[in-house]
Peer 1: 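Have a look at this one.
Every chain is numbered from 1 and lettered A, B, ... according to where its sequence line falls, protein lines coming before strand lines.
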Amino acid sequence: MAILEVKNILKAFGDNNVLNDISFSVGAGEVVAIIGPSGSGKSTLLRCINQFETIDSGEIIIDGDTMVHTDESGCAVYADKAALRRMRLKIGLVFQNFNLFPHFSVLRNVTEAPVSVLGLSKREATDIAMKLLKKMGLEEKASQYPYQLSGGQQQRVSIARAMALSPKILFFDEPTSALDPELTGEILKVIRALAEAKMTMVIVTHEMLFARDVADKVIFMDDGVIVEQGLPNQVFDNPKEERTRQFLLRYSQG
Amino acid sequence: MNRINLPLLLSSMVDGMVVSLEIFFLTLVISLPLGLVLAAGRMSKIKMIRWPVQLYLLIMRGTPLMLQLLFFFYGPYYIFGIRGADRFTMAIIAFGLNYAAYFAEIYRGGIESVATGQHEAAAALGFTRSQKFFKIILPQVIKKITPPMGNEFMTLVKDTALARIIAVAELFHIAETAASSAVSVIPFVIAGIFYLVMNFFVGQGFLYAERKLSYYKIV
């Protein structure tokens, strides 16, 4: 069963169609990489699914629940507030700039949402958090504050923070773009481990080699449309579209 | 020149200082929460709320506090022919309304300087709006606004002297009266020392607060 279904999304800022007829789906345990040049609409797409932006028309279904659909007159109709909140909790999001809470310790960054949002006891939340931090190799950093960590460590904490709510699907918005090249590897390793554990993920990335290696499906976006989607070797080695070919060529040249 | 009865002078000046401190604390009790409400109004997306608040902030920050004190004290009688509250109460109201305007702008600056990513991270994790504000945003705002708040608190200690314009028997009023009857600057010097001591403690308090909040940095 599909965890995420996106059908015919339209989104415009003024006259500018930033998302034009976007459709794709993500099955359980699947890893989908979204690639494409800056300004192609990748981040906007992620922001629409995560309820930071509204769509003009189309349909988004998360784990069988309709978040938004389009009525006969062509207007997007969103689910009610409670349903939207419920759906939001099924989604985890990892940001480009980590966005850890600076005034909370590493541990509290991970436990705060399970306690305040899910109503877990402090003890349960701490157990979950420590297990996750251990997986991330950060259990010794639990009592430190975000400013004391490297970018790579901060990003791993933010992955643990998102995972602590046991989301059905995890989104990554260019998770390595704010990191020094030597720190990129540690994040990619974590994502790879999650993929091996069959975590459903959508990753917006500029790391082509990684996308090819870890993704089950690759989506290439340009100018607000999905130009091409398919298996990694198909998209990377035998792109059907000229635009994809051009993009990959530019990338391989650096 | 009259001889100064120092013990008597000191005891009446201590009384005056107590009144000054009362003005100080009661003003804070009114203006700190009111400032937050005004800041929310100032940041409202609704023009019918935002515009009146902006006008309020302009008037309160754009006219002399001394004028506002006189207006609040004499206004009710001159305009409506009714007696307002006693001079002390009217002074507190004027100070409270005035300082709330300054605090509102400090709060707003603090709130707007919290990165958008913090709001988005909190929303993505499912925090409700009020959880987001009180658990995530406000603590960071408090850290950011502590230094400018220290300035305002110190200014307020000194501004309490303005209450003498409506004859509230605060420290400066007593010093002035004593100085003219004794033809001496000694009461002024003592008053100066008293203000200095009060602000020394205010400064220490803020230093302590800043140290307390230095366990983290906003990255």
Peer 1: So, Y216(B) versus Y147(A), ring centres under 6.0 angstrom or not?
Peer 2: no
Peer 1: Identify which of Y145(A), F101(A), F104(A), F95(A) forms the greatest number of heavy-atom pairs closer than 4.5 Å to chain B.
Peer 2: F101(A)
Peer 1: Which heavy-atom pair separates K135(B) from S116(A) by the least distance, and what is that distance?
Peer 2: CE-OG, 3.5 Å
Peer 1: Please determine whether the number of non-hydrogen atoms from other residues, nucleotides or ligands lying under 6.0 Å from atom CZ of F88(B) exceeds 12.
Peer 2: yes
Peer 1: Please check if atom OH in Y215(B) has more than 12 non-hydrogen atoms from other residues, nucleotides or ligands closer than 6.0 Å.
Peer 2: yes
Peer 1: Q140(B) versus chain A, heavy atoms under 4.5 Å apart: side chain, backbone, both or neither?
Peer 2: side chain
Peer 1: Over all heavy atoms of both residues, which pair between R85(A) and T128(B) is shortest? Give the atoms and the distance, please.
Peer 2: NH1-CG2, 3.7 Å
Peer 1: Would you name the heavy atoms of P102(A) and K217(B) that are closest together and state the gap between them?
Peer 2: CB-O, 3.4 Å
Peer 1: Give a yes or no on this: more than 12 heavy atoms of other residues, nucleotides or ligands lie within 6.0 Å of atom CZ of F188(B).
Peer 2: yes
Peer 1: Examine whether an atom of L100(A) lies under 4.5 Å from a heavy atom of chain B, and if so say whether it belongs to the side chain, the backbone or both; otherwise answer neither.
Peer 2: backbone
Peer 1: Name the member of E112(A), R86(A), Q51(A) that forms the most heavy-atom pairs with chain B at distances under 4.5 Å.
Peer 2: E112(A)
Peer 1: Side chains of V117(A) and Q131(B): does their closest heavy-atom pair fall under 4.5 Å?
Peer 2: yes
Peer 1: Considering non-hydrogen atoms only, spot the tightest contact between G126(B) and L89(A) and give its length.
Peer 2: CA-CD2, 3.9 Å
Peer 1: Can you say whether E120(B) sits under 4.5 Å from chain A via the side chain, the backbone, both, or neither, judging by heavy atoms?
Peer 2: both
Peer 1: To the nearest 0.5 angstrom, please state how far the CG atom of N109(A) sits from the CG atom of L125(B).
Peer 2: 9.0 Å
Peer 1: Answer with side chain, backbone, both or neither: which region of A115(B) has an atom nearer than 4.5 Å to a non-hydrogen atom of chain A?
Peer 2: neither
